Amino acid sequence: MLTAFARAFKTPDLRKKLLFTLGIIVVYRVGTHIPIPGVDYRNVQTCIDAAQANQGLFGLVNMFSGGALLQITIFALGIMPYITASIILQLLTVVIPRLEALKKEGQAGTAKITQYTRYLTVALAILQGTGLVATARSGALFQGCPVASQIVPDQSIFVTITMVITMTAGTAFVMWLGELITDRGIGNGMSILMFISIAATFPSALWAIKEQGSLADGWIEFGTVILVGLVMVGLVVFVEQAQRRIPVQYAKRMIGRRSYGGTSTYIPLKVNQAGVIPVIFASSLLYIPALIAQFAGGTSGWKTWIEQHFVKGDHPYYIISYFLLIVFFAFFYVAISFNPEEVADNMKKYGGFIPGIRAGRPTAEYLSYVLNRITWPGSLYLGLIALVPTMALVGFGANQNFPFGGTSILIIVGVGLETVKQIESQLQQRNYEGFLR
């Protein structure tokens, strides 16, 4: 990986792309520290210091925003609205025929779906920004902080609208920065910004574990966490690269005087076909009961039960529900993102077949069978990786967003591998020597 980056810096046009990407990252990180108007920054810092990384229900969104959510900055929402909008549009593509037709139109249809994603991102940013402002005004953003209700001193309508507009504009600006990286940088702009947001929280989270440790002034716990992190990175790289290759043979066809086909290729089916989406879905769904209980008044029995079993994250009910939801969403997302019948029809259309399997319906059934078989280990792997923060919560007293676990490590490794592959492919295009020398 380091060799690829070194070679990229020696290539003039790739060096410009890398430097441009680094410049965008600097702008993004600066924006995560600029507070929005109407917020008392001193009271926010007081509550953050008192909370000491106890992020509660907003931990996942705070991680995706690089810690900007709890500081209520202009990039407080980060790229979470864009991620949510992308997932919603991807799910609706299976349900709405118009979106499915756009997806099949190629580049023009994809551009139209991207435009819809931008509109939905702005709408979700307005909704989430309003919710964040209302939460900050009520003091529920930092429970237990004595000055939590004084974070927004002026609670007039004008100030509230200004705060929501500022955060919505910040989200739109972040979306534009991501598209700039995709167009003029090294590609995958949104993924890179997500990578930076999560990586920015690593030093503070690791140092908090060291400060809370008791063995050798916390260095034993710190070293153990680093060791566990390296093991997890190796495991995630191994599974993310694992795939089942289905061999495909294309028969020769004569069109005029030219012969086409007769080649052999394969269909790569990844073990973790769903990526990190099931973990995000499961985490978001489990936040809903705790969120309802948080804003519900009184001390009713159902509220007490939810607070005991689904808030802290280390209760057996929470762990079991989290694991089962991840497995369910892994199968659900694979089922809607990979259509065996469509793949089988395309193979039959171009004269392709799997050796030993008849074209058409038998091919679709075979692909569905193989996909179900490899999704089981992939979903169990996702569930085990996601439970590492919970085990760390019990063993080291860490917070639920443990630096080397769950969503964070999957995104960090996945985006890192994808970025390195893109750099290597661009290097190969510029240094291809050909068959004749």
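Computed from a predicted structure; not experimentally measured.
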Separation between [atom1] of [X] and [atom2] of [Y], rounded to the nearest 0.5 Å:
| X | Y | atom1 | atom2 | result |
| --- | --- | --- | --- | --- |
| Met347 | Glu342 | CE | CD | 13.0 Å |
| Leu382 | Phe323 | CG | CZ | 9.5 Å |
| Ile423 | Lys421 | CD1 | NZ | 13.5 Å |
| Thr117 | Gln90 | OG1 | CD | 9.5 Å |
| Leu19 | Ile24 | CG | CD1 | 12.0 Å |
| Lys17 | Arg15 | NZ | CZ | 13.5 Å |

Is any side-chain heavy atom of [X] less than 4.5 Å from a side-chain heavy atom of [Y]?
| X | Y | result |
| --- | --- | --- |
| Phe332 | Ile277 | no |
| Val174 | Tyr82 | no |
| Val248 | Phe353 | no |
| Ile326 | Phe281 | no |
| Ile385 | Leu235 | yes |
| Val327 | Trp376 | yes |
| Ile354 | Tyr366 | yes |
| Met167 | Thr171 | no |

Please output the side-chain donor-acceptor pairs of residues 367-374 that fall under 3.5 Å, not counting sequence neighbours, one pair per line with the distance.
residue	atom	partner	partner atom	Å
Tyr369	OH	Arg373	NH1	2.4
Asn372	ND2	Ser368	O	3.2

Contact summary for [X] and [Y], nearest pair of heavy atoms:
| X | Y | value |
| --- | --- | --- |
| Ala76 | Leu132 | CB-CD2, 4.0 Å |
| Ala344 | Gly360 | CB-O, 3.6 Å |
| Leu89 | Tyr116 | CD1-CB, 4.3 Å |
| Ala85 | Thr121 | CB-OG1, 3.4 Å |
| Ile192 | Ile181 | CD1-CG2, 3.9 Å |
| Gly78 | Tyr28 | CA-OH, 4.5 Å |

Please list all pairs passing the side-chain hydrogen bond (donor to acceptor under 3.5 Å, both in side chains) test where one or both residues lie in residues 178-189, with sequence neighbours left out.
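Found Arg118-Glu179, Asn188-Glu418.
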
The test is side chain to side chain contact (heavy atoms under 4.5 Å, CB included); show your working for Phe173 and Ile74 and say whether it passes.
CA-CA 10 Å; Phe173 186 71; Ile74 59 174; over 6 Å; no

More than 12 foreign heavy atoms under 6.0 Å from [atom1] of [X]: is that the case here?
| X | atom1 | result |
| --- | --- | --- |
| Arg358 | CZ | no |
| Glu105 | CD | yes |
| Gln115 | CD | yes |

What side-chain donor-acceptor pairs closer than 3.5 Å can you find for residues 225-233, not counting sequence neighbours?
none

Tell me which one of Val415, Ile25, Val26 satisfies side chain to side chain contact (heavy atoms under 4.5 Å, CB included) with Ile196.
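That would be Ile25.
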
Please list, chain by chain and in numerical order, all residues satisfying ring pair (Phe, Tyr, Trp, His ring centres under 6.0 Å) with Phe338, sequence neighbours excluded.
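Residues passing ring pair (Phe, Tyr, Trp, His ring centres under 6.0 Å) with Phe338: none at all.
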
What pairs of residues pass the salt bridge (Lys or Arg N to Asp or Glu O under 4.0 Å) test when at least one of them lies in residues 223-249, not counting sequence neighbours?
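Residue pairs passing salt bridge (Lys or Arg N to Asp or Glu O under 4.0 Å), neighbours aside: Glu240-Lys270.
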
Using side chain to side chain contact (heavy atoms under 4.5 Å, CB included), reason through Phe75 and Ile34 one step at a time and then give a plain yes or no.
CA-CA 8 Å; Phe75 292 166; Ile34 302 176; over 6 Å; no

Could I get the full list of side-chain contact (heavy atoms from CB on, under 4.5 Å) partners for Tyr317, not counting sequence neighbours?
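Counting only residues at least two positions away or on another chain, Tyr317 forms a side-chain contact (heavy atoms from CB on, under 4.5 Å) with Trp305, His309, Phe310, His315.
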
Under the 3.5 angstrom rule, does the side chain of Thr32 hit a backbone N or O of Arg29 as a donor-acceptor pair?
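The answer is yes, because a donor-acceptor pair under 3.5 Å joins these two groups.
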
Decide yes or no on side chain to side chain contact (heavy atoms under 4.5 Å, CB included) for Phe20 and Ile186, but give the supporting numbers first.
CA-CA 9 Å; Phe20 178 81; Ile186 57 177; over 6 Å; no

Do Tyr333 and Ile87 pass the side chain to side chain contact (heavy atoms under 4.5 Å, CB included) test, and can you show the C-alpha distance, the side-chain angles, and the key distance before you say yes or no?
CA-CA 10 Å; Tyr333 188 79; Ile87 294 174; 5.5 Å; no

